There are 2 protein chains.
Amino acid sequence: MIRVLLADDEAMIRAGLTAVLATDPGITVVAEAADGREAVELAHAHRPDVVLMDIRMPRLDGLAAAAELAGVVPVVMLTTFDEDAYVARALADGASGFLLKAADPRELLIAVRAVADGAAYLSPRVAHRVIAGLRTNELTRPATARKKVSSLTPRERDVLALVGRGLSNQEIGRELHLAEGTVKAHLTSILRNLDVQNRVQAAITAYEAGMASPPPRI
Amino acid sequence: MIRVLLADDEAMIRAGLTAVLATDPGITVVAEAADGREAVELAHAHRPDVVLMDIRMPRLDGLAAAAELAGVVPVVMLTTFDEDAYVARALADGASGFLLKAADPRELLIAVRAVADGAAYLSPRVAHRVIAGLRTNELTRPATARKKVSSLTPRERDVLALVGRGLSNQEIGRELHLAEGTVKAHLTSILRNLDVQNRVQAAITAYEAGMASPPPRI
DNA sequence: AGCCACCCCTGACGATCGTCGGGGGTGGCG
DNA sequence: CGCCACCCCCGACGATCGTCAGGGGTGGCT
């Protein structure tokens, strides 16, 4: 049985959600909160499997409440509009789902089941926005960067990766067992082939191509 | 009536999908393709509202086919596993949805309706990955970067922004009407306050904080 | 007023970077 | 084989960077 906590300041909305959730015999509403502060407290008290939380609420808003519950209980945000700022903040702050109130009631059940199962759920319109965001982040910029980087020799990519982490030529030499002069020669070739003027721009290219730091791919 | 094109090299899978889609009276399958090349051709010929496409297919794989159809017809990728590389590439290349074959059949209907409606759909497990990716991209790194940057003086932020675009101290001086020595002094202060060792790392911090180029927020 | 903290500006000096010229190795090709 | 293209390696030299020490200005506080 999936245990759900509802948080919405309007009793009517809570009643509606309860009614929808009741159509699924595997889901039960264990508590209801009328504001963010109460939601956080009840979440700690009841330990539900999922929290359904409205964004606009008195005292503590849904985003802040979700942030406090991040890692404790998965939270699905509910909202009337798919406003960009909310989506970005909510997902960054730890929400596991984002549901539009205008959604098909069946979506609600799927979302609750998915989130209780450790997955995540985005309303189609929200998913659309997120994907559009990814596209500009992952495709347009890095695509050219990635292409340029792929034209380098393997050794040059080794060097570029370390340049992208801000290492000096001397440090890169130590890391790769090369003389500093060798590193510089590779770098000269890198700059020419990436069509940039200095190591800072090369580092940014490396960064856009996803060569930097602990790989944050999707 | 939503018109669907199915693309999967296994006839059994196509039959199963057709059966599921048939349970929704608002959806009809107008064509079936057995490989990516055929899918692209049939998509242009039939102009369906949605293409359901397997990733692994002969001749042209699903990812490449989806890329060719980007902007023409919305494509939902179907796959057995939620492999990272596939998700990232498919979404970047233009897929509007990503569905696991193991999903609840009801999900398929919701996904088709959503995508036909101009939205997007991600299977819960896929959404989970995407959100996790966003989180490391948008929260953990940039949040601290932004905080550090905000501790700088206005003049230092001016300088940092130009450093982040790969300009030399001399060029920055010209841009801001400063002597080169002044730029260097600001930079020294920047390095100390950002807690980094050289301009490359400062540039990356600037980049993460969103000071670079056309802002790519979500 | 005097003091302090902070910001902005600047030049000199050692450290680092980027270019140039060049050596050695491998693989494809007439 | 001889030639060419490419990759990897290296040191010297001028250009650029980063630090240090310091001057001038402003605003808050006693």
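Chain identifiers are assigned alphabetically (A, B, ...) following the order of the sequence lines, protein sequences preceding nucleic acid strands; residue numbering begins at 1 within each chain. Keep in mind that what you see is a predicted model, and the values were worked out from it rather than measured.
- In this structure, the CG atom of A/Leu178 is 10 Å from the C1' atom of D/dC10, given to the nearest Å.
- Remark: the backbone N or O of A/His186 is not paired with any side-chain donor or acceptor of A/Glu156 at under 3.5 angstrom.
- Not a single donor-acceptor pair under 3.5 Å links the side chain of B/Glu175 to the backbone N or O of B/Glu171.
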- How far apart are the C-alpha atoms of B/Thr80 and B/Leu100, what are their side-chain angles, what is the distance that settles it, and do they pass the side-chain contact (heavy atoms from CB on, under 4.5 Å) test? CA-CA 6 Å; B/Thr80 306; B/Leu100 299 185; over 6 Å; no
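- Relative to the side chain of A/Thr188, the nucleotides D/dT19, C/dT19, D/dC10 differ in distance, and C/dT19 lies closest.
- Side chains of A/Glu107 and A/Tyr121 form a contact here, defined as non-hydrogen atoms less than 4.5 Å apart.
- Residues A/Val76 and A/Met53 form no side-chain contact, since every pair of their non-hydrogen atoms from C-beta on lies 4.5 Å or further apart.
- Following rounding to the nearest Å, A/Glu156 (CD) and D/dC9 (C1') show an atom-to-atom distance of 12 Å.
- One finds no side-chain N or O of B/Thr182 lying less than 4.0 angstrom from the OP1 or OP2 phosphate oxygen of C/dC8.
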Could you give the side-chain donor-acceptor pairs of residues 6-15 of chain B under 3.5 Å, partners two or more places apart or in another chain?
from	atom 1	to	atom 2	distance (Å)
B/Asp8	OD1	B/Glu10	N	3.0
B/Asp8	OD2	B/Lys101	NZ	3.4
B/Arg14	NE	B/Glu32	OE1	2.8
B/Arg14	NH1	B/Asp8	O	2.7

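- To the nearest angstrom, C1' of C/dC7 lies 12 Å from CG of B/Asn193.
- Spacing between atom NE2 of B/His186 and atom C1' of C/dC9 amounts to 7 Å, rounded to whole angstrom units.
- B/Thr153 comes within 4.0 angstrom of sugar-phosphate atoms only, judged by non-hydrogen atoms across all strands, and of no base.
- Using modelled atom types, one side-chain atom of B/Thr188 and one backbone atom of B/Lys184 make a donor-acceptor pair closer than 3.5 Å.
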Expected rows: protein N/O vs nucleotides 23-28 of chain D N/O, under 3.5 Å:
none

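- Going from atom CG of A/Leu152 over to atom P of D/dC6 covers 15 Å, rounded to whole Å.
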Atom pairs, N/O to N/O, protein against nucleotides 15-17 of chain D, distance under 3.5 Å?
from	atom 1	to	atom 2	distance (Å)
D/dC17	OP1	B/Asn169	N	3.2
D/dC17	OP2	B/Asn169	N	3.1
D/dC17	N4	B/Lys184	NZ	3.4

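- The side chain of A/Arg155 approaches D/dC9 more closely than any other nucleotide in the set D/dC10, D/dT19, D/dC9.
- Rounded to an integer number of Å, the gap from B/Leu160 CG to C/dC7 C1' is 17 Å.
- A donor-acceptor pair is defined here as one N or O able to donate and one able to accept, closer than 3.5 Å; such a pair exists between the side chain of B/Arg3 and the backbone of B/His46.
- Without hydrogens or angle criteria, A/Asn169 side chain to A/Ile172 main chain gives no donor-acceptor distance under 3.5 Å.
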